[in-house]
Structures are given as structure tokens and as C-alpha cells.
Amino acid sequence: MRRPSGPKGLPVIGHLLEMSRDTLGFFERSARDHGDMTAISVGGFPAVIVNHPDLIEQVLVKQNEHFTKNRVFWRQLEALMGNGLFVAEDAEWQRQRKLAAPAFATIPLGSYGPHMVALTERKLDAWQDGQVVDMHREMMALGLQIAARTLLDADVTDDLEAMEQAAYWVIDEVAARFSRPLVVPDWVPLPGHRRYLKGIAHLERMVYRVIADNRTGKNASAGFLSLLMAARDEQGRPMTDKALRDQICNMLLAGYETSALSMAYGFHLLGQHRDIQAEIAAEVEAVAPGRAVTPDDLPHLKHTERAVIEMLRLLPPGWAIGREARRDVRIGDYAIAKGTTVILSPWITQRDPRYFEDPLAFRPDRWAGDFRRQLPRFAYFPFGGGPRICIGNRFAMMEAMLLLATIARRFDVEWLSDRPVSFLPSITLRPVGGIWVRLHRRNPSR
Ligand code: HEM
């Protein structure tokens with residue numbers, strides 16, 4: 001057995017400074033110079049970056065019981081996440097996963113599709129030919145409406161600005177805590193903390209209102225929340241209001257920004273490959289001539305699907321997944337000490353030339369035939385893997401395909417190359433300064 005090697009760091013702070021200056025570059029150099037496992041130190045905490053599909057599989061699947069989510073980081077988000085599915089561990093996590101799983105089964109999933117398409121069509125009705133927009137902002141607003149409609153069965157159109165504001169406050173503070181080397185308790189009156197708590201209070205009020213409306217029958221809703229309210233655990237107990245609130249907040253944090261980012265990045269890439277957009281538009285027109293796309297059409301939208309898969313390869317919103325070793329453990333030939341933070345990065349592995357020819361090129365067609373089946377399982381893992389694989393992965397794929405198909409058939413999106421995009425790797429991979437595109441109406445008849 002050997003200990004992983006790594007770049008030389010500074011005393012005490014280790015690689016913190018280098019990492020915070022250029023996180024993605026630091027990860028890329030680590031993989032290039034130290035191979036499949038790199039030892040680093042983040043502010044005195046030992047960590048390893050794992051960069052081989054077989055070793056990633058060891059962490060996420062084969063030896064997953066020896067790892068937890070990173071405790072120091074997630075404990076900081078208790079006011080937001082409570083003890084919901086994303087952060088729960090062990091038996092409590094298992095109980096919650098079982099309760100939530102039916103809401104992501106085929107039939108409920110299909111019922112969310114028409115909402116996704118209708119809300120997208122409504123957004124497109126407001127877009128003008130030749131208009132320049134920030135696709136990141138547009139997709140965040142649309143994503144929030146979709147999340148509210150599918151999770152809560154609530155129309156937030158009238159409250160959209162306040163909801164958006166609340167969600168931005170929350171997400172910004174989560175991102176700030178991700179990059180902050182120190183844990184600062186919520187009660188410290190920093191401006192970001194005040195906004196974060198205010199944002200949570202706003203979201204919480206809405207969730208509790210919808211729960212109360214459901215309970216009193218005043219406004220019985222469909223959607224994810226009502227399925228959770230109907231669910232019973234093995235002792236026949238329903239979820240408490242607090243547990244329901246935690247679950248919705250977990251789904252919102254885990255699902256809304258990641259989905260919106262995948263679309264925004266999709267149009268950043270497709271906006272540079274308008275021939276591929278045209279192919280998608282033609283495919284959609286052939287499969288759903290003159291009518292809205294439905295979830296039943298998705299198996300026939302091969303170009304659309306490959307574009308989404310390739311978008312999530314090159315610009316994965318969940319650019320890194322973190323774990324913490326519960327005990328000393330052996331991963332392949334490497335010894336990992338108890339307490340070590342283990343970082344797995346779809347950004348790095350999904351750009352590895354060992355698995356992807358010309359890895360930096362956006363080439364949806366690489367996924368034709370049985371390319372995916374021949375890949376090692378964890379060469380491509382935008383939704384994680386093993387027992388804690390993203391519970392919303394089918395939901396997210398459906399949303400991305402429906403939105404891409406609906407948008408691409410009505411608009412040809414041109415990315416404005418004079419407004420370059422840079423990426424801020426936080427809890428998600430966020431674009432700095434927006435993703436600016438010009439919209440060209442494609443088919444005046446629709
Ligand atoms: C493109 C969109 C999405 C991406 C890239 C994404 C990515 C991920 C990743 C990488 C994980 C694993 C995290 C880990 O192992 O530490 C995860 C977990 C999770 N995701 Fe997603 N996700 C997306 C959309 C969604 C949606 C739409 C929902 C809900 C509606 C959702 C809910 C969750 C939940 C609850 C977990 C935790 C599951 C568990 O621990 O049992 N995600 N997601």
C-alpha cells in the first residue's frame with residue numbers, strides 16, 4: 001500500500017491559497033502531475049483528489065459505507081437543509097430515500113413534463129427576435145418557476161421576483177461558505193448571513209403555506225409535495241411539517257440551480273455550434289410536428305439526448321463531489337487515513353483524454369452507438385453514483401431534454417463570443433458575469 005503524493009503546499013494553510021486563486025486549474029494540474037490520486041491539504045485538513053474511474057467507483061459504490069458527506073461543510077447549512085435527504089446519513093438517510101423515491105418514479109415524472117414545457121413556452125413568448133439576454137439569468141428564472149410548479153404545485157409568477165431574490169440570497173451565501181476557510185456561525189451578523197436567513201424565511205413561509213393549504217383542503221395540490229405528504233414509513237407514520245419543509249428545501253437546493261445551470265451551459269456550448277442546434281430543431285419538428293413536445297417523445301429525440309449528455313460532460317454543474325473517510329481505508333493501492341476529505345471531480349475525469357478523444361471539443365455525436373457502454377462506469381458521472389446517486393437524475397434529464405427541444409425549435413441561440421464566460425467552482429460550477437446570447441427566431445409560423 002502507498003500514501004498518495006501531491007504538490008508541495010505552504011505551512012499551515014497548505015494549498016488553500018493556490019486553490020482559491022484558480023481551483024479548476026489547480027485540480028487539472030494535480031491530475032496531470034500526480035495521476036489518479038493526489039494528496040493535498042486544505043487549510044490544514046488532509047484531502048485527496050481521486051481521478052480514476054475504478055477508484056471513484058470504490059468510493060461511491062464498493063466501499064461507500066466507509067465514507068460520509070463532508071461533515072464540517074454541511075453542518076454549516078443546517079438552517080437551510082435541516083436533516084433532509086441531501087445531508088442525512090445512515091438509517092435516517094435510508095428511510096428518507098425510500099419515502100422520496102416513489103415521487104421520482106415514471107408516472108409522477110411524466111406528469112411534471114407538461115408543466116415544464118408550458119412554462120418554457122411562456123418564457124419564449126416573451127423573447128424577441130434579435131434580443132440579447134443573459135441565458136444564466138433566464139434559465140434561473142425559468143428553473144425556479146419549474147421547481148415551484150413541480151415540487152409545490154404552486155404558480156409563483158406573481159411572487160417570482162421575491163422568490164428569485166430569496167433564492168439568490170440563499171445560494172450566494174451557500175457559495176460564500178463553500179469558499180470560506182473558516183466556519184462562521186449563522187448568528188454572526190454579517191450582511192450575507194442576514195440575507196441568507198431572510199431568504200430561507202421567505203422560502204419556508206411559502207412551503208408551510210402550501211402544506212397548510214393541502215392539509216385543510218383549501219387548495220389541494222398535486223406534485224411532489226403532495227406525494228411526500230401521502231407517503232408513510234415502515235411504521236405507517238407520515239412526515240412531519242418540518243420534515244416536509246426540509247425535504248423541499250433539499251430538493252430546491254440540489255435541483256433548481258443545477259438544472260438551470262445545465263441549460264445555461266447547454267446554450268453556451270450550442271450557441272457556438274449552431275449547426276447542432278439546427279439538427280435538434282429539425283429532429284423535434286420531425287418527432288412532434290406542429291405540437292408541443294411531451295415526455296413520450298423523448299426516446300425518439302436522439303440528437304437532443306446526446307447534446308444534453310455531452311453538455312453535462314464538458315460543463316458539469318456538479319463539478320465536484322465530496323466525501324470524508326469514516327475510518328482508515330484502502331482505495332486501490334492507496335491508504336486513506338480516517339478524516340481525510342475525498343474529492344471526486346466530474347470536471348476532471350470527464351475531460352480525461354484516456355476516455356474521451358479530443359476531450360475539450362463539444363461533440364454530441366461521440367455518444368452515438370454503444371460508446372457509453374464501453375466507457376468505464378465512472379468515467380462519466382455528472383449525477384454521482386452508488387446509493388447516493390442524484391435522486392433527481394431522471395427528472396433533470398427529462399427537464400433538460402424538454403427545455404432544449406422546446407427552445408431550439410423556436411429560437412436559434414447565438415453565443416456572443418465578445419463576452420467570454422469564466423467559471424467559479426463553488427458548491428456548483430457558476431458562470432461569472434452571465435452567459436450572453438443573441439436570440440434569432442427560427443420559425444415564424446410557431
Ligand atoms: C442537471 C441537474 C442536476 C445535477 C448535475 C445533479 C447532480 C447531483 C449530484 C452529483 C449528486 C450527488 C451528490 C453526492 O453524492 O454528494 C446529487 C444528489 C442529489 N440530487 Fe441532484 N442533480 C441535478 C438535479 C437534481 C434535481 C432536479 C433534483 C430534485 C428534484 C435533485 C435532487 C438531488 C438530491 C435530493 C440528492 C441527494 C440524494 C441522496 O443523497 O440520496 N437533483 N445531484
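Positions are given from 1 along the sequence. Just so you know, ligand 1 is whichever comes first in the structure, and atom 1 is the first atom listed for that ligand. Small disclaimer: the values here were computed from a predicted structure and weren't measured.
When side chains are defined from C-beta on, Pro316 does not count as touching Leu312, because their heavy atoms never get closer than 4.5 Å.
Protein heavy atom at the shortest distance from atom 15 (O) of ligand 1 is Arg323 NH2, 2.7 Å. In terms of protein heavy atoms, atom 36 (C) of ligand 1 is closest to Phe86 CD1, 3.3 Å. Given atom 40 (O) of ligand 1, the protein heavy atom at minimum distance is Arg388 NE, 2.8 Å.
Side-chain polar atoms of Glu257 and Thr428 form a donor-acceptor pair below 3.5 angstrom. For Gln96 and Glu92, the side-chain atoms include at least one donor-acceptor pair closer than 3.5 Å. With 3.5 Å as the limit, one finds a donor-acceptor pair spanning the side chains of Glu138 and Trp127.
The shortest heavy-atom distance from Asn250 to ligand 1 is not under 4.0 Å.
With distances taken over non-hydrogen atoms, the option nearest atom 29 (C) of ligand 1 out of Gln247, Lys69, Gln96, Met251 is Met251. Remark: among candidates Pro387, Gly385, Pro382, the nearest residue to atom 7 (C) of ligand 1 is Pro382, based on non-hydrogen atoms.
Among residues two or more places apart in sequence or in another chain, the ring pair (Phe, Tyr, Trp, His ring centres under 6.0 Å) test is passed with His52 by none. Residues meeting the side-chain hydrogen bond (donor to acceptor under 3.5 Å, both in side chains) test with Thr304, sequence neighbours left out: Glu283. Applying the ring pair (Phe, Tyr, Trp, His ring centres under 6.0 Å) rule to Phe178 yields the partners Phe73; only residues at least two apart in sequence or on another chain are considered.
Trp93 does not carry Arg95 over the face of its six-membered ring by the limits of under 6.0 Å from the centre and within 45° of the normal.
Only the side chain of Trp93 comes within contact range of ligand 1, with a heavy atom under 4.0 Å; no backbone atom does.
Under 4.0 Å is where a charged nitrogen must lie from a carboxylate oxygen, and between Glu89 and Arg326 at least one such pair does. With salt bridges taken as basic N to acidic carboxylate O contacts below 4.0 Å, none links Arg394 and Glu399.
For ligand 1, the atoms closer than 4.0 angstrom to any heavy atom of Ile321 are 10 (C), 14 (C), 15 (O), 16 (O). Less than 4.0 angstrom separates some heavy atom of Arg97 from each of these atoms of ligand 1: 38 (C), 39 (C), 41 (O). For ligand 1 and Phe395, the ligand atoms under 4.0 Å from any heavy atom of the residue are 27 (C).
Looking at ligand 1, you won't find any N or O of Ser259 less than 3.5 Å from one of its N or O atoms.
Note on atom 21 (Fe) of ligand 1: protein N/O/S atoms under 2.8 Å are Cys390 SG.
Between Tyr265 and Phe423, the ring center distance clears the sub-6.0 Å criterion.
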